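Side-chain atoms are counted along with the backbone in the values below, which use heavy atoms only and exclude waters and symmetry mates. The chains referred to below are lettered A, B, ... by the order of the sequence lines, with proteins before strands, and numbering in each begins at 1. Source: prediction; values computed, not measured.
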Protein chains: 2
Amino acid sequence: MQKRTDHEAALRRSGLKSTKHRTAILDILEQSDQPMAAEQVYLELGDQKIGVSLSTVYRVLESLLDKNLVTKLSMSISGDNRAYFEYNRKSHRHYLVCLGCKKIKAIEHCPLKNYEEALEREMNYTIEGHKLDIYGYCPACQEHEK
Amino acid sequence: MQKRTDHEAALRRSGLKSTKHRTAILDILEQSDQPMAAEQVYLELGDQKIGVSLSTVYRVLESLLDKNLVTKLSMSISGDNRAYFEYNRKSHRHYLVCLGCKKIKAIEHCPLKNYEEALEREMNYTIEGHKLDIYGYCPACQEHEK
DNA sequence: ATGCAAATGCGAACCATTCGCATCAGAGGA
DNA sequence: TCCTCTGATGCGAATGGTTCGCATTTGCAT
């Protein structure tokens, strides 16, 4: 985990003012092993006795997103319509989503490097990146089904 | 393209009544080369002089989704918050999304079969499927950037 | 310390989607 | 073919996540 001062530095480098809300939100997202919805972040801030309005949470998340300090997931977890955010660790990540309990696990290895290059040649696209979500049932949920 | 009677049969097989709205919506989605938002479907129905209310479009899409006759994309195209639907051709599809013009191309080949199997063993998950979206710039948009 | 632009709080507005309820229309049986 | 009954539809209101307007506050450069 990064130290708080690193978050402050990252904010400044991005041209954003460093405020307690922004550093707190970066801390929360960094320490979460799950992507979080805006409201979850808001509630966590409340637990930490950091008073903040929900619209500020949305605005902070939006500016962090602009600066690529966080990323927004494009998948719809558990069928709700909420957006989920996560700390941008700058490493290439993919997700393993459990269809039973809806837990999300990040997986490190990416099997797509070669494929992207082949696709660039074949389709004449310039490939910038990709998102890969894999769906299945985790060990615990496989148990429950029996 | 399937004939309309096939759509009627598919509806019946799924236990849904065959109505002109449902067959029309299946036709529209089948003939579209792009996933469509509910409102786009609604407007297209209007163009075809098929009177329908927007809530019916939503309800039809939902029941078609239940029966797996259409699928719902999990990606957020062009940053809007709308859901996109497409005809379920039952073949494995991935998407190449142009970051410039936001056009979406389906690509057929899937490079992930082996990877899924390896992941099952490694993580003890039962893998049911995956979604893969690849982002880049199409040939036309590469031109514009110059 | 001072001033200005950026950040925040609060509530209202927005917009895609869903719901309630009255009406209508397939699909099967008489 | 006609009846009936359940499921489908229309309409408008409600919902819920997200965004906006504006007055106030707060970083941070000077």
Side-chain angles (χ1 to χ4, degrees), chain A residues 4-5 7-26 35-46 48-67 69-70 72-85, chain B residues 4-5 7-26 35-46 48-67 69-70 72-85:
Chain A
R4 164 155 314 203
T5 52
H7 287 162
E8 291 175 358
L11 287 167
R12 297 235 184 70
R13 242 181 288 123
S14 303
L16 294 176
K17 286 182 182 171
S18 166
T19 69
K20 67 176 175 182
H21 295 136
R22 303 222 253 231
T23 53
I25 287 175
L26 279 173
M36 295 176 82
E39 195 185 10
Q40 294 176 283
V41 173
Y42 171 72
L43 293 173
E44 177 62 28
L45 285 165
Q48 297 183 13
K49 311 295 179 209
I50 299 175
V52 66
S53 85
L54 185 55
S55 43
T56 296
V57 174
Y58 276 104
R59 274 185 294 221
V60 168
L61 288 171
E62 194 190 335
S63 36
L64 297 178
L65 191 60
D66 269 355
K67 304 302 182 183
L69 296 175
V70 305
K72 189 179 190 174
L73 268 65
S74 66
M75 63 183 127
S76 47
I77 306 169
S78 69
D80 62 19
N81 296 328
R82 301 192 292 180
Y84 284 80
F85 298 84
Chain B
R4 165 156 311 207
T5 51
H7 287 163
E8 292 175 358
L11 288 168
R12 297 234 184 71
R13 242 181 287 122
S14 303
L16 295 175
K17 284 183 184 173
S18 166
T19 70
K20 67 177 175 184
H21 295 137
R22 303 222 251 229
T23 53
I25 288 175
L26 280 173
M36 296 176 80
E39 195 185 9
Q40 295 176 283
V41 173
Y42 171 72
L43 293 174
E44 177 62 30
L45 286 165
Q48 296 184 12
K49 310 297 180 211
I50 299 174
V52 65
S53 84
L54 185 55
S55 43
T56 296
V57 174
Y58 277 104
R59 274 184 296 220
V60 168
L61 288 171
E62 194 189 336
S63 36
L64 296 178
L65 191 60
D66 270 355
K67 304 302 182 182
L69 296 175
V70 305
K72 189 180 190 174
L73 268 65
S74 66
M75 63 183 125
S76 46
I77 306 170
S78 70
D80 63 18
N81 297 328
R82 300 191 294 178
Y84 284 80
F85 297 85

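- Here B/L65 pairs with B/V70, B/K72, B/F85 under the side-chain contact (heavy atoms from CB on, under 4.5 Å) rule; sequence neighbours left out.
- In this model, the phosphate group of C/dT18 is not approached by any side-chain N or O of B/Y58 to a distance below 4.0 Å at OP1 or OP2.
- The residue A/A83 sits close only to the backbone: its heavy atoms come under 4.0 Å of sugar-phosphate atoms, none of a base.
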Using distance only, find each side-chain donor-acceptor pair of residues 35-45 of chain B under 3.5 Å and give its atom names and separation, not counting sequence neighbours.
{"from": "B/E39", "atom 1": "OE1", "to": "B/R82", "atom 2": "NH1", "distance (Å)": "3.2"}
{"from": "B/Q40", "atom 1": "OE1", "to": "B/A37", "atom 2": "N", "distance (Å)": "2.7"}
{"from": "B/E44", "atom 1": "OE2", "to": "B/Q48", "atom 2": "NE2", "distance (Å)": "3.0"}

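- At a threshold of 4.0 angstrom between heavy atoms, the contacts of A/R59 include nucleobase atoms, whether or not backbone atoms are also involved.
- Distance, B/K72 NZ to C/dA16 C1': 11 Å, rounded to whole Å.
- Helix-axis bend for the helix from C/dA1-D/dT30 to C/dA30-D/dT1: the local axis fitted to the five terminal pairs at one end deviates from that at the other end by 30°, rounded to 10°.
- Rounding to the nearest 0.5 angstrom, the gap separating the CG atom in A/L61 from the CG atom in A/D66 is 11.5 Å.
- The nearest whole Å value for the distance from the CD atom in A/E62 to the C1' atom in C/dT8 is 14 Å.
- Distance OH (B/Y42) to C1' (C/dA16): 14 Å, rounded to an integer number of Å.
- What you find for A/H21 and A/G51 is that their closest heavy atoms are NE2-O, 3.1 Å.
- Between B/R12 and B/A37, the residue anchored nearer the 5' end of DNA chain C, judged by the nucleotide with its closest heavy atom, is B/A37.
- C/dG26 atom P lies 11 Å from atom CD of B/E8, rounded to whole Å.
- For the pair B/A24 and B/I50, the tightest heavy-atom approach, listed with the atom from each and the gap, is CB-CD1, 3.7 Å.
- The side chain of A/K17 sits closest to C/dA5 out of C/dA5, C/dT17, C/dT8.
- Note that the first and last nucleotides of DNA chain D, 5' to 3', having any atom under 4.0 angstrom from a heavy atom of chain A are D/dG17 to D/dC28.
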List the atom pairs, with distances to 0.1 Å, where a side-chain N or O of residues 53-60 of chain A and a protein N or O form a donor-acceptor pair under 3.5 Å, not counting sequence neighbours.
{"from": "A/S53", "atom 1": "OG", "to": "A/S55", "atom 2": "OG", "distance (Å)": "3.2"}
{"from": "A/S53", "atom 1": "OG", "to": "A/T56", "atom 2": "N", "distance (Å)": "3.3"}
{"from": "A/S53", "atom 1": "OG", "to": "A/T56", "atom 2": "OG1", "distance (Å)": "3.2"}

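- Across all strands, B/R22 comes closer than 4.0 Å only to sugar-phosphate atoms, never to a base (heavy-atom distances).
- In this structure, the side-chain contact (heavy atoms from CB on, under 4.5 Å) partners of B/S18, at least two apart in sequence or on a different chain, are B/E8, B/L11, B/R12, B/T23.
- Side-chain contact check for A/R13 versus A/K67: every heavy-atom pair is 4.5 Å or farther apart.
- The CZ atom of B/R13 sits 14 Å away from the P atom of C/dA27 (whole-angstrom rounding).
- With DNA chain D read from its 5' end, the first of the two nearest nucleotides for B/V52 and A/T19 is the one closest to B/V52.
- Taking for each of A/V57 and B/E39 the nucleotide of DNA chain C with the nearest heavy atom, the 5'-most of the two is the partner of A/V57.
- Ranked by how close their nearest DNA chain D nucleotide is to the 5' end, B/L16 and B/S55 are led by B/L16.
- A sub-4.0 Å separation between OP1 or OP2 of C/dA7 and a side-chain N or O of A/H21 is absent.
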